[in-house]
Amino acid sequence: NKLNKYIITVFGASGDLSKKKTFPAIFGLFKQGEISKDECRVVGYARSKMSNEELRDRLKPFLLKQVSKESNGEQIVDDFLANVTYVQGSYDSDEGYKQLGESYKEIEKNMNNGSPVNRLHYLALPPSVFGTVCEQIKNNIYINEDHAKTKVIVEKPFGHDLESSRQLQKELAPLFSEDELYRIDHYLGKEMVKNLLILRFGNILFNSAWNKENIQNIQITFKEPFGTEGRGGYFNDIGIIRDVMQNHLLQVLTLLTMERPVTFDSEAVRDEKVKVLKAISPIDHNDIIIGQYGKSEDGSKPSYLDDETVPEGSKCITFAALNFQIRNERWDGVPIVMKAGKALDVGKVEIRIQFKPVASGMFDQIPNNELVIRIQPDEAVYLKCNMKTPGLSTSTKITDLNLTYADRYQDFWIPQAYEALIRDALIGDHSNFVRDDELDVSWALFTPLLDYLEGENAPAPTIYPYGSRGPSELNEYMHKHNYKYMHGD
Ligand code: BG6
């Protein structure tokens, strides 16, 4: 896991993503001592005219948020920013990239006696310019020497459907090998998502029960308590399925259902992921719920269509529930329900594995075991078990065996998703990045559904109130898919 010397370049340095996510993540690694000034320098690149100082001033308030509890917080931020420089240039002409190359030489002179160091390029940019920027990187600042390699991080959306994703692949593949490309799905950097394979395969109890003989239903839920809030114009072309289901939640589903990889090697893991994705049946268009949020019940929160950036009469989906069937020996017949929505009652992302009931006879209606893995907020794993009610009673009581990270693991640093993934890219670990064939199968699975939902005969979404649990047919849908609501749900 040795970290070699690096220059990290953030393309799109003046944009929102880089201010809010990319630079804070690099800073987080610095603050944590994962990268140091001797090992790593950071360069911002964008079209805006700016000095080094101006970029630093722009970034500073975002970084200060991360050190609000530390007495020497501002000093840490300043130390980090002293290693951040800026190069201005356009995305499509050589000039700026040549200047970038010059600035690398300068950095290498005082960091590595003039010998080249590794280059990690983070594209915090819209996908429309991925191709151009990658071509320019290849032509002007590409390096592939023993101790100085090139790596490129790109972020979703990787296309809009199967065809456009393949097109993008076609543009990038001749420029960089799979080994040089890192496709970020930030859910793969979340602590609980990274825990899934260990939880499953490292515990004989879970491992042996992880199949259709014991599991009745799996539920993967994503809830956000806010709507598009002015970003509707952007969201309208995407919808909830592309926004979080085809990528983030499908990754969770894959890790929950794949077979045991031979090792933790990134290719071994991703080979198994692709296999299970290929075993998923086409999504049944008649077995879905789609919704769009309306005004809140008290009228205080706007509907999706009230967002001025949304085209009038839009049928864009802000909520969906989909059922997946995996036709293999382990899963055949187990409903896997994925549901996601904006403007709901709470913000949380969790997995529920509901087990089958125990035999009746000695018990009359005893609740099913359920394993809940809360990805956010407050990472937790808890298992609902039946216990004797304490005391003289002989009745049973459903009780949580509860592992809440904030209570149990107080002394651990749990990195933010982007921090974890940038570090993985620096050390060259591809396990938590999306491979090209994996991306292809995921689009192949979702594209027919998206075509149907965006075609001429598209059904109208059910309107649900802002701040509610989603469309009213949801309970019935869950029931139909074997999910049993129990006390406390
Ligand atoms: C992004 C989506 O990929 O993920 C956003 O574009 C969504 O719409 C976000 O809010 C959710 O990420 P997180 O880490 O906040 O759960």
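Both ligands and their constituent atoms are indexed starting at 1 by order of listing.
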Report task. Please say which of L344, I463, T228 ends up in a side-chain contact (heavy atoms from CB on, under 4.5 Å) with Y293. Result -> T228
**Report entry** Ligand-side contact atoms (ligand 1) for residue partner K190, heavy atom cut-off under 4.0 Å
**Finding:** 13 (P), 14 (O), 16 (O)
**Report entry** Heavy-atom nearest neighbour in the protein, as seen from atom 1 (C) of ligand 1, with distance rounded to 0.1 Å
**Finding:** H248 NE2, 3.6 Å
Query raised in the report: Closest non-hydrogen protein atom to atom 15 (O) of ligand 1, residue and atom name please, with distance?
Result: Q376 NE2, 4.1 Å
Query raised in the report: Shortest non-hydrogen contact from K194 to G189?
Result: CE-O, 3.8 Å
Report summary line: for atom 16 (O) of ligand 1, nearest protein heavy atom and its distance come out as Y187 OH, 2.4 Å
Report summary line: Distance col, row Q251:CD vs N247:CG, nearest 0.5 angstrom, shows 8.0 Å
Query - atom 10 (O) of ligand 1 [closest protein heavy-atom partner, distance rounded to 0.1 Å] - result: E224 OE2, 2.5 Å
Query raised in the report: If you measure from each heavy atom of F235 to ligand 1, is any distance below 4.0 Å?
Result: no
Query raised in the report: Mind checking what makes side-chain contact (heavy atoms from CB on, under 4.5 Å) contact with S128, not counting sequence neighbours?
Result: P126
Report task. Number the atoms of ligand 1 from 1 as they appear, then name those within less than 4.0 Å of a heavy atom of H186, with their elements. Result -> 3 (O), 4 (O), 12 (O), 13 (P), 14 (O)
Report task. Return the residue, atom name and 0.1 Å-rounded distance of the protein heavy atom closest to atom 8 (O) of ligand 1. Result -> D243 OD2, 2.5 Å
Requested in this report: Determine whether more than 12 heavy atoms belonging to other residues, nucleotides or ligands lie under 6.0 Å from atom NZ of K20.
Outcome: no
Requested in this report: Identify the residue among Y477, Y464, F222 that makes a ring-ring contact (aromatic ring centres under 6.0 Å, His included) with F319.
Outcome: Y464
